[in-house]
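Comments concern the structure below.
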Number of protein chains: 2
Amino acid sequence: MSAKRTSLKDIAQEAGVSTALVSYVLNGKEKESRVGPEIATKIRAIAIALNYQPNHVAKSLRSGKTQTIGLIIADISNPFFANIARIVEDEAKRNGYTVIIGSSDENADKSRDLLNVLINRQVDGFIIVSAEDSAQQVQLLKEKNIPFVLLDRYFPDMQTDFVSTDHYRAAYDGASHLITNGYRRIGMIAYKSAMFHMQERIRGYQDALKDGGLPFQKGYLKKIRFTHIEQEAKVAIDELTKTDKPVDALIFATYGLAINGLIYLNEQKLNVPDDVAIVSFGQAEAFDLYYCPITYLKQPIDLLGQTSVSLLVKKLKESPDEPAQILMNAELVARNSSKPKRIHQH
Amino acid sequence: MSAKRTSLKDIAQEAGVSTALVSYVLNGKEKESRVGPEIATKIRAIAIALNYQPNHVAKSLRSGKTQTIGLIIADISNPFFANIARIVEDEAKRNGYTVIIGSSDENADKSRDLLNVLINRQVDGFIIVSAEDSAQQVQLLKEKNIPFVLLDRYFPDMQTDFVSTDHYRAAYDGASHLITNGYRRIGMIAYKSAMFHMQERIRGYQDALKDGGLPFQKGYLKKIRFTHIEQEAKVAIDELTKTDKPVDALIFATYGLAINGLIYLNEQKLNVPDDVAIVSFGQAEAFDLYYCPITYLKQPIDLLGQTSVSLLVKKLKESPDEPAQILMNAELVARNSSKPKRIHQH
DNA sequence: ATAGTCAGCTTAATCGTTTAAGCAAAGAAG
DNA sequence: CTTCTTTGCTTAAACGATTAAGCTGACTAT
């Protein structure tokens, strides 16, 4: 049996004083509370001798604050989110907070469950990468006055704090880059989703084409279901490549789409970039390791994570009334997968 | 301002009874506590009407149980751990537990900090992928009678619960596979580490060579520092390949080593598997996406994660005295990176 | 001498639950 | 008509911390 943890009471007993005094001393409130210097020293010594560690649960009950942040993401096993999670974890720790991570699988029901569980656990606030159809949940948080910051995705018609990449501009940059490098039949594979960030990526792609003098071809934009990536990605790529006017470049709107797509391109012996140039969202070792390193839109993950935490922490401390809305730019990292097109036969 | 959460007291007041009764009813203890059926029904109705959500913090304080598991891993942004984390998260949730994840960066000090923070947060138990030099910390947990299960790595001379891959056998299988496929100069790049799992991987490699009739060459085993992977991996590969007796196959003892190594092999225009065949530990999309899909030792991640959780949960409930020690086998997934050697000139 | 001030403590309420113990009324048993 | 049992509830302590309010004795000022 492990000896019971030492509590304020134990220290108080040992020092022959009340717990109140001990609490004052150990919280550095000796001045305001007029604690005698000798007894203060004695209390501190005993606390160290007994290896006192404050009971966080008791503190939380009393204060109503758990010093805990809930982080809701789509899936921790996706490298983008795993990286975000790591940054958030570190930054939160620096601020004295602990993080509880939950994966929503882009699913509104799971997301709701997670929020409820974490609300019952009395997390002080949330950082949320919102899932499809979760606008109402976010609205509810707002109404309940539960502090939160949206990360990476936001709802344009809702007044909330958020930290996000400028998805429109990222996609626009990606497509423009392909145009600059000589590609003319540029396709995009995206998710079938009403979420704003996905819409923005699509809009960016379309606008870049337009501004580049390329007519937008409906058939070059494929929207596939998140729940059926593997099958539908293949179909989409077949439809984009096995026609008389095949695409010469392809933008993957997410990391997951890219992985599935690239594997299928390999299977089909389609060469990157000679048959199809590639630009992708997301980022992971897989892109470096591909035989032809993949050009990608590098989101400022560190900054996104850090900013979201510091914003939330600030909100928890000061509860400012003006929501902070921060957009950051993705950086296009040009690699061989989108190098200037050369004319070739094969 | 959000209306205050409803507490037992609120329900009690509304129903005109004491909080004790409400507690009994809402915890399904009406029978044992002889609560009248009408009042029970009434209490339940009011609880629903007021949307009562129990305060988890208060419960925890009273019961001494937080229904929380601490998961200590090396780094959540490493896909192996991210996958583990996801499994653990899901499995824990099924058992009514919440998970707090902490990244130790394979660093004993950080690991100690994390443990302390989480102990103060009163987690009920730990699942730990132990870091270098953390044996003493684990010993301390044992002495303090804090329940934990070691995951993926364990200490052979310490009696603890653990769930791990049989690293020896995995490495043995990997090396044997290369021998079977005709490779004769098989190198290994491992971490310079005293950790048992790494020693076992090295031992498995050596024994397989011996049993395959190949003399173990000291120069073919490279140990590099975790803190300097990038530089030292390059040096190691140079030393293994740029000699008169270059290796014809290479085993990477971890995912991180493989990523760095493969990128460098690319840079050096060394072809897989014609110049060097590859077998690696770890697992991730990157291996599928490589121009020559990488043969890897697939650890039973799902089973590892699930078993560690159920073991811990069992321990928390029943505290059995016999530690459970479970070894699982990795599966060799053979791909082109280690296909039967063909004699060639280039 | 007497009130007032202040240093240095203690008391006790509080956060929201759980639960052992107790109490009162009604019914059963003798 | 007692006594015992059972039913249906309440009381209050406890978990470990925080903190407003109060108390005591010493010192100061008048």
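What you see below is based on every heavy atom in this structure, not just the backbone, and it leaves out hydrogens, waters and symmetry mates. Within every chain, numbering begins at 1; the chains are lettered A, B, ... in the order of the sequence lines, protein sequences first and strands thereafter.
In this structure A/Arg44 satisfies the salt bridge (Lys or Arg N to Asp or Glu O under 4.0 Å) test together with A/Glu30, sequence neighbours excluded. Taking A/Glu132 as the reference, nothing meets the salt bridge (Lys or Arg N to Asp or Glu O under 4.0 Å) condition, with sequence neighbours excluded. Residues meeting the ring-ring contact (aromatic ring centres under 6.0 Å, His included) test with A/Phe126, sequence neighbours left out: none. Contacts of B/Lys42 classified as salt bridge (Lys or Arg N to Asp or Glu O under 4.0 Å), with partners at least two apart in sequence or in another chain: none. Residues satisfying the salt bridge (Lys or Arg N to Asp or Glu O under 4.0 Å) test with B/Asp75, not counting sequence neighbours, are A/Arg86. Remark: A/Tyr24 pairs with no residue by the ring-ring contact (aromatic ring centres under 6.0 Å, His included) rule, at least two apart or across chains.
Looking at heavy-atom distances under 4.0 Å, B/Ser18 makes contact with a base. Contacts of B/Val57 with the nucleic acid, taken as non-hydrogen atoms under 4.0 Å apart, are absent.
Counting to the nearest Å, the C1' atom of C/dA7 and the CD1 atom of A/Ile39 are 14 Å from each other. The distance between atom NZ of A/Lys59 and atom P of C/dG16, rounded to the nearest whole Å, is 19 Å. Atom CZ of A/Arg5 is separated from atom P of D/dA17 by 8 Å (rounded to the nearest Å). The NZ-C1' distance, from A/Lys9 to D/dG16, rounds to 9 Å in whole Å. Atoms CD1 (B/Ile11) and P (D/dT10) sit 14 Å apart, rounded to a whole Å. The distance from atom CG of B/Leu8 to atom P of C/dT19 is 12 Å, rounded to the nearest whole Å. Atom CG in B/Asn55 sits roughly 15 Å away from atom C1' in D/dG16 (whole-Å rounding). Look at NZ on A/Lys65: it is 19 Å from C1' on D/dG16, rounded to the nearest Å.
Where A/Val17 and A/Ala58 meet DNA chain C, the nucleotide closest to each residue was compared, and A/Val17 sits on the side nearer the 5' end.
Annotation: side-chain hydrogen bond (donor to acceptor under 3.5 Å, both in side chains) contacts involving residues 301-312 of chain B, sequence neighbours excluded, are absent.
The cationic atom of B/Lys315 (NZ for Lys, CZ for Arg) lies less than 6.0 Å from the six-membered ring centre of B/Phe148 and within 45° of the ring axis.
Near DNA chain D, meaning a heavy atom under 4.0 Å away, there are no residues from residues 40-49 of chain B. Within a heavy-atom distance below 4.0 Å of DNA chain D, the residues of residues 21-37 of chain A found are A/Ser23, A/Tyr24, A/Asn27, A/Lys29, A/Arg34.
The pair B/Asp105-B/Lys110 meets the salt-bridge criterion, with a side-chain N (NZ, NE, NH1 or NH2) lying under 4.0 Å from an Asp/Glu carboxylate O.
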